[in-house]
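Everything numeric here is computed off the predicted structure, so don't read it as measured data.
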2 protein chains.
Amino acid sequence: MNLKQLSNQLQLSQTTVSRALNDYPEVSEATRSRVKLAAAKGGYRPDMRAISLATGKAKTIGHVVPMANKDDVFSPIFAEFIASASQTYSQYGYELMLTVEKSRDDASTYRGLAAKRAVDGVILHSPQTDDPRLAVLQEVGLPFVVHGRMLNGEGYHWVDMDNHNAFKLATKLLLDLGHRRIALLNGREEMTFAWLRRAGYEEALNDGGVAINSEFMAADDLTERYGYQKAGAMLSMKVAPTAFLVSSYIVALGVRRAISQAGLVMGEQVSVIIHDDELSYFDNGGVKPQFTSTRSSVRQAGYEASKMLLELIENPDKEPTSVLMDTQLVIGSSTGPCPSLSES
Amino acid sequence: MNLKQLSNQLQLSQTTVSRALNDYPEVSEATRSRVKLAAAKGGYRPDMRAISLATGKAKTIGHVVPMANKDDVFSPIFAEFIASASQTYSQYGYELMLTVEKSRDDASTYRGLAAKRAVDGVILHSPQTDDPRLAVLQEVGLPFVVHGRMLNGEGYHWVDMDNHNAFKLATKLLLDLGHRRIALLNGREEMTFAWLRRAGYEEALNDGGVAINSEFMAADDLTERYGYQKAGAMLSMKVAPTAFLVSSYIVALGVRRAISQAGLVMGEQVSVIIHDDELSYFDNGGVKPQFTSTRSSVRQAGYEASKMLLELIENPDKEPTSVLMDTQLVIGSSTGPCPSLSES
DNA sequence: TATTTTTCTCAAAGCGCTTTAAAATTGTAG
DNA sequence: CTACAATTTTAAAGCGCTTTGAGAAAAATA
């Protein structure tokens, strides 16, 4: 059933019916309820594309997520973020259009979305320190919110967690426990989050008077194998690290595997701190979590970012705002005092 | 730039320009190339919604994924499937509209998508043994493909892996290794995949003359905690299982944790077989995987299903087709002979 | 009762495209 | 040079909605 049929059936003009349904004041209460009743009864749902064409609003938000790595993987972090944002959208009558793209640098997707009038705004995922997509989005004038940020956090809207501080505090905790050989298994450092984590890590080491050792640092896609291989390699060094700072739960699975394979016990000979995005199927636990972790809810970030974007769409001239989410440092059973405090 | 502007600029009618761009034969080659050049130069991209309204085709596919469990989680399986399907869509000029819904039984989302003309077809995720959404989709006449299937696999299109056989073979392997007390940590059995896995498991036990013990069976959302708690509880039974059949890698993480916490070694005192959806960040390994597993690529399923759906949309009267994907049984280091072969 | 104001309803244009039906142009014979 | 067909182009209608600018109807004021 479409508007024409409905208005014929009601013996009213399309104008009146449309206005009645959209709660315009120019229509009497009597007519309005009559119309609404008939619409409900007839199961009338306006054609989304027609509304869109007539109003100029797509009522759709675009998410363009890059494949997480060379293996063409869709990171569970994005999934969680999107699921959360999706809730906001449906609450406000928006749809979610998802594009998964192979190349992270390819800004043409955004050009396309804008030119095709497919979306009213987009969320920019996985920003790099100096991301070329920023300029494109600004050029085409499509409202957007960044999940994360570029190194220069000015002039656009973003929602991020405090990566720098999280890893600084985590490093500091390890230093306080007496660790001096602390490894960092980071994400790719083109990504701002990884860059900031490293910066936090280095700052804490400097503050603690510990020299930075590039042999203890790695950066790659966040997979189990990466954690396993890198941790394994580092543990077999003549002077091996006594602690690992790990950028995700998934990588930590590999680290844990390497540790136990080396005949060591996590939390005793080797300490591990992870960043935990609170993906609930992983469940890093309540009272005494498996892993000591810096925590921040991706779900919460999705909520904040989607809200922010909808507001921006309402009011396109809004001054850029940002949300920097705090992280918690939660002590679990994967950390303990450095075994050989005699050594430096 | 829109069609009108482009045609004005070219001094041609909108009809001709439209036809030139869409490769209709009624336009001379000279004009066609002139038009295409101008369009490319001017960065012309037709308004998606206008095309959609004019043609009646949304050029969009809907994916409605249920929250995986009470914790409102978006399963990484869906993410992988969708990422894969997404590739097919963009290749054929389709967009992907994602809806995440709280309630698994709520079919109103589908009614809405159909009535709003938002999509040309949908993928039905996470089907239950007797899924109410089936009737709704058939009623509204929206083309759809099921990822998985209902217990009755007739009358609709689906792509599934052979859950029954996979778990039957896995159980048989354990029986052949001498295990008699084999536990099954399954997904919720309203889901067809879980139902079929259990059926395969029971069939193998019957064939092997082993009585079915309901204390060795559990069904719940697929989380790490579930695996940890259930395996922990079972291992502390007076007569504990010597092997576990586990429905996912994530659950198996918990099982492994419980096993090592009980002071046992996986692959020696306790065997574990998992189903591995080949999420590449987990990397169950190449030569000698961590877990013995039944394997099936979700990525591949996403590819098959999306192709099937696009074909169905092209040709709506196509006879229902289905793809039953084989699974591989890959031996890893988590299985071994039953430690006490004397016991039955 | 006539006039103004307010309330309610409507016809028609427009959003940007496709597509039908018809017209203009070109080509081929007769 | 006309007649007819084939080729190329176009005007206009239509997709299903919103919204503008008016017109009727009802209510209020004179």
Side-chain angles (χ1 to χ4, degrees), chain A residues 1-39 42-60 93-95 112-120, chain B residues 1-36 38-39 42-60 93-95 112-120 140:
Chain A
M1 159 163 317
N2 62 22
L3 187 61
K4 192 183 207 167
Q5 294 166 335
L6 182 60
S7 55
N8 281 346
Q9 171 189 318
L10 284 163
Q11 295 281 62
L12 285 171
S13 72
Q14 297 190 30
T15 310
T16 305
V17 174
S18 169
R19 284 186 168 150
L21 292 174
N22 293 311
D23 290 322
Y24 278 66
E26 301 94 329
V27 57
S28 71
E29 268 318 311
T31 332
R32 185 188 310 287
S33 52
R34 191 160 73 94
V35 170
K36 286 199 168 173
L37 188 69
Y44 169 72
R45 299 289 298 272
D47 185 313
M48 188 190 168
R49 300 156 312 169
I51 292 185
S52 192
L53 187 55
T55 61
K57 281 143 191 335
K59 282 286 186 173
T60 300
Y94 279 77
E95 303 294 335
L113 286 177
K116 285 158 59 183
R117 301 294 125 85
V119 299
D120 297 324
Chain B
M1 152 160 328
N2 61 23
L3 186 62
K4 191 181 204 169
Q5 294 166 337
L6 182 59
S7 55
N8 280 346
Q9 173 190 316
L10 284 163
Q11 294 282 61
L12 284 172
S13 73
Q14 296 189 30
T15 310
T16 305
V17 175
S18 168
R19 283 183 169 153
L21 292 174
N22 293 311
D23 289 322
Y24 278 65
E26 300 94 329
V27 57
S28 70
E29 269 317 312
T31 338
R32 187 190 309 288
S33 54
R34 190 162 71 95
V35 169
K36 286 200 169 176
Y44 169 73
R45 299 290 297 270
D47 185 314
M48 189 190 167
R49 299 156 314 168
I51 292 186
S52 194
L53 188 56
T55 60
K57 282 142 191 332
K59 282 288 186 173
T60 301
Y94 280 77
E95 302 294 333
L113 286 177
K116 284 158 62 183
R117 303 293 128 85
V119 298
D120 296 325
V140 300

- Task: With DNA chain C as reference, determine whether B/Thr55 or A/Leu53 sits nearer its 5' end, using the nearest nucleotide of each.
- Result: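 Its nearest nucleotide being more 5', the pick is A/Leu53.
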- Task: Could you check A/Pro25 against B/Tyr24 and say which one's nearest nucleotide on DNA chain C is further toward the 5' end?
- Result: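 Its nearest nucleotide lies further toward 5', so the answer is A/Pro25.
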Tell me if a side-chain donor or acceptor on [X] pairs with a main-chain N or O of [Y] at a distance below 3.5 Å.
{"X": "B/Ser52", "Y": "B/Lys57", "value": "yes"}
{"X": "A/Arg32", "Y": "A/Tyr24", "value": "yes"}
{"X": "B/Thr16", "Y": "B/Leu12", "value": "no"}
{"X": "A/Thr31", "Y": "A/Val27", "value": "no"}
{"X": "B/Ser18", "Y": "B/Gln14", "value": "no"}

- Message: For DNA chain D, which residues of residues 9-23 of chain A approach it to below 4.0 angstrom with any heavy atom?
- Response: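 Only A/Gln14, A/Thr15, A/Ser18, A/Arg19, A/Asn22 qualify.
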- Shortest non-hydrogen contact from B/Lys36 to B/Ala20?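 Nearest pair, atom of B/Lys36 first, then B/Ala20: CE-O, 3.7 Å.
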- Task: For residues A/Asp120 and A/Tyr94, report the shortest heavy-atom separation together with the two atoms involved.
- Result: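 Between these two residues, the closest heavy atoms are OD2-CE2, 3.7 Å.
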- Message: A side-chain contact here means heavy atoms from C-beta on lying under 4.5 Å apart; do A/Glu95 and A/Met48 qualify?
- Response: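 The answer is yes, as the side chains (C-beta and beyond) meet within the 4.5 Å cut-off.
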- Message: Taking any heavy-atom pair under 4.0 Å as a contact, classify B/Ile51: base, sugar-phosphate, or nothing.
- Response: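 Touches sugar-phosphate only.
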- Remember a base hit wins even if backbone is also touched, and classify B/Thr31 as base, sugar-phosphate or nothing at under 4.0 Å, heavy atoms.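 Touches sugar-phosphate only.
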- Which whole-number value in Å describes the distance from B/Lys4 NZ to D/dA12 P?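 From B/Lys4 NZ to D/dA12 P: 13 Å.
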- Task: Please report, rounded to the nearest Å, how far the P atom of D/dT18 is from the CG atom of A/Asn2.
- Result: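 Atom CG in A/Asn2 sits about 12 Å away from atom P in D/dT18.
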- Query: Between which nucleotides of DNA chain C, 5' to 3', does chain A make heavy-atom contacts below 4.0 Å?
  - Reply: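 Using the under 4.0 Å cut-off, the span is C/dC8 to C/dG16.
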- Message: For B/Ala54 and B/Val27, find the nucleotide of DNA chain D closest to each by heavy atoms; which residue's nucleotide sits nearer the 5' end?
- Response: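 It is B/Val27, whose closest nucleotide lies nearer the 5' terminus.
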